[in-house]
There are 2 protein chains.
Amino acid sequence: MTEDLPDQTEQGKKPRVRADAQRNLDALLLAAKAVFASAGVDAPVREIAERAGVGVGTLYRHFPQRADLIKAVFRRELDACADAATQLAHTNTPGDALAAWAQRFVDFISAKRGLADALHSGDPAYEALPAYFDARLRPALTELLSAAVAAGDIRAGTDPDELLRAIARLSAPGPDGDTALGRRMVGLLIDGLRYGANAGADKS
Amino acid sequence: MTEDLPDQTEQGKKPRVRADAQRNLDALLLAAKAVFASAGVDAPVREIAERAGVGVGTLYRHFPQRADLIKAVFRRELDACADAATQLAHTNTPGDALAAWAQRFVDFISAKRGLADALHSGDPAYEALPAYFDARLRPALTELLSAAVAAGDIRAGTDPDELLRAIARLSAPGPDGDTALGRRMVGLLIDGLRYGANAGADKS
DNA sequence: TGACAAACGGAACACCGCTCCGTATTTAAT
DNA sequence: ATTAAATACGGAGCGGTGTTCCGTTTGTCA
């Protein structure tokens with residue numbers, strides 16, 4: 001159900017792709033990344049096309065749905081964030097690794113203004129997006145989580161998916177782009193996991 | 001800075017208000033409430049006007065800004081939620097009262113699909129809305145919070161405003177209208193406050 | 001080199017929030 | 001009851017979206 005977006009960022013197996021098409025596709029991804037970061041995911045399509053030096057028709061040729069463009073832009077950064085989890089696991093105690101990655105995730109979301117809102121905002125075009133996010137990030141968080149539980153750093157019985165969503169929501173920066181609030185609240189959430197870690201782990 | 005919307009729902013002190021104007025205002029509030037509940041706060045203005053049996057001009061006469069209509073619709077429910085805080089404080093221990101009210105707040109937000117997103121979504125038209133929410137809800141939460149701190153149920157040093165925002169974000173129901181997730185995550189957040197309650201209450 | 005398929009670009013369409021102003025309705029004075 | 005003024009109404013219209021369509025241009029391959 002995650003649909004097909006095989007590898008739009010690199011040239012696929014078929015050499016049939018015309019050179020200008022590939023060039024424009026890259027330009028679009030680059031422009032979209034910049035525009036999204038500055039104006040949010042709701043930025044006008046025309047602005048992205050203009051910045052990429054192409055017409056809107058070209059944009060829609062490559063990304064039939066607006067959400068397709070957003071998907072493509074965030075895939076790579078998503079991967080980077082997921083990879084950070086395994087790295088943090090190597091350089092921290094389980095509990096701290098979890099806390100550190102949560103903070104890292106705040107940064108990731110904060111840089112994508114408006115994305116979190118779009119994700120949970122009813123628009124069916126965006127519905128596939130959180131699923132992909134989860135699919136990519138769940139393994140990373142699951143590992144951190146189970147390791148921390150095994151070490152007795154946090155309580156057991158927390159669904160990684162749910163925790164992921166919760167962190168994502170708390171991470172959204174305020175209108176002034178403030179990330180400190182998100183950091184504090186996510187920290188608080190993680191502390192919630194630490195509350196009664198070893199004591200009542202078996203019960204509830 | 002909360003502007004003037006003295007009592008748009010009832011007929012004001014001045015009998016100068018024309019009968020048809022009052023009638024249309026009521027119809028608009030009624031229609032808006034229904035449309036917001038079913039289609040979210042981003043529902044088209046024309047749809048609300050049509051359902052109320054008036055023209056869009058009439059709608060904008062009564063509510064110059066789209067946000068004004070939203071404000072008017074949610075004011076009363078806001079008050080009810082704020083009042084619940086003081087009531088819960090009478091029938092629970094401080095810590096439990098806080099937790100219970102947080103859950104009650106989840107219900108409140110869940111019933112207003114899309115509102116939380118709009119609140120934190122950059123649109124300057126909605127910027128006044130969270131301020132009003134805070135102004136109404138902060139006293140309630142502050143009381144619950146300080147009482148719980150005084151009783152040693154939770155840690156000290158948490159800003160009511162920030163906690164309020166965090167709860168609001170976690171409360172947003174999923175695309176399927178599921179509120180259980182929000183409940184769990186808010187509960188987790190409150191447990192975060194309980195983590196190390198008495199131990200380091202004096203420091204930081 | 002030439003011809004064809006593929007991609008391009010932007011005008012055009014449908015829909016949005018919001019404004020403006022001629023028309024209809026209510027109110028108040030006579 | 002009549003009439004005049006004030007007030008509210010309604011919807012056409014404006015500027016801005018996302019998206020589609022198609023004549024034109026460009027790359028590719030024989």
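The figures here come from the full heavy-atom set of this structure, side chains too, leaving out hydrogens, waters and symmetry mates. Every chain is numbered from 1 and lettered A, B, ... according to where its sequence line falls, protein lines coming before strand lines.
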From the options [options], select the nucleotide whose nearest atom is closest to the side chain of [X].
{"X": "B:Pro44", "options": "C:dC8, C:dC16, D:dG10", "value": "C:dC16"}
{"X": "B:Arg23", "options": "C:dG9, C:dT26, C:dA7", "value": "C:dT26"}
{"X": "B:Asp20", "options": "D:dG11, C:dT26, D:dT26", "value": "C:dT26"}
{"X": "A:Arg46", "options": "D:dG18, D:dC9, C:dT19", "value": "D:dG18"}
{"X": "B:Arg61", "options": "D:dT19, D:dA8, C:dG9", "value": "D:dA8"}
{"X": "A:Arg18", "options": "C:dA6, C:dA11, C:dC18", "value": "C:dA6"}

Handout entry: Side-chain heavy-atom pair B:Phe108, B:Leu78 within 4.5 angstrom cut-off
Key = yes
Exercise for the section: For residues B:Pro44 and B:Ile48, determine if any side-chain heavy atom of one lies less than 4.5 Å from a side-chain heavy atom of the other. Expected result: no
Problem - Donor on one side chain, acceptor on other, B:Asp26 and B:Gln22, under 3.5 Å - result: yes
Tell me whether the side-chain N/O atoms of [X] come closer than 4.0 Å to OP1 or OP2 in [N].
{"X": "A:Tyr60", "N": "D:dT19", "answer": "yes"}
{"X": "A:His62", "N": "C:dC8", "answer": "yes"}
{"X": "A:Asn24", "N": "C:dC8", "answer": "yes"}
{"X": "B:Thr58", "N": "D:dG10", "answer": "yes"}

N/O donor to acceptor pairs below 3.5 angstrom from side-chain atoms of residues 53-61 of chain B, sequence neighbours left out:
none

Exercise for the section: Please name the pair of heavy atoms, one in B:Arg155 and one in B:Val149, separated by the smallest distance, quoted to 0.1 Å. Expected result: O-CG2, 3.4 Å
Handout entry: B:Arg194 and B:Asp153 ion-paired at < 4.0 Å
Key = no
Problem - Cationic N near anionic O, under 4.0 Å, B:Asp68 to B:Lys71 - result: yes
Practice task
Take atom CZ of B:Phe63 and atom P of C:dG17, then tell me their distance rounded to the nearest Å.
Solution key: 16 Å
Exercise for the section: Find the distance A:Ile70:CD1 to D:dG18:C1' and express it as a whole number of Å. Expected result: 12 Å
Completion exercise
The bend of the helix from C:dT1-D:dA30 to C:dT30-D:dA1, taken between the axes of its five terminal pairs at each end and rounded to 10°, is 10°
Handout entry: Toward the 5' end of DNA chain C, by each residue's nearest nucleotide, B:Gly57 or B:Ala19
Key = B:Gly57
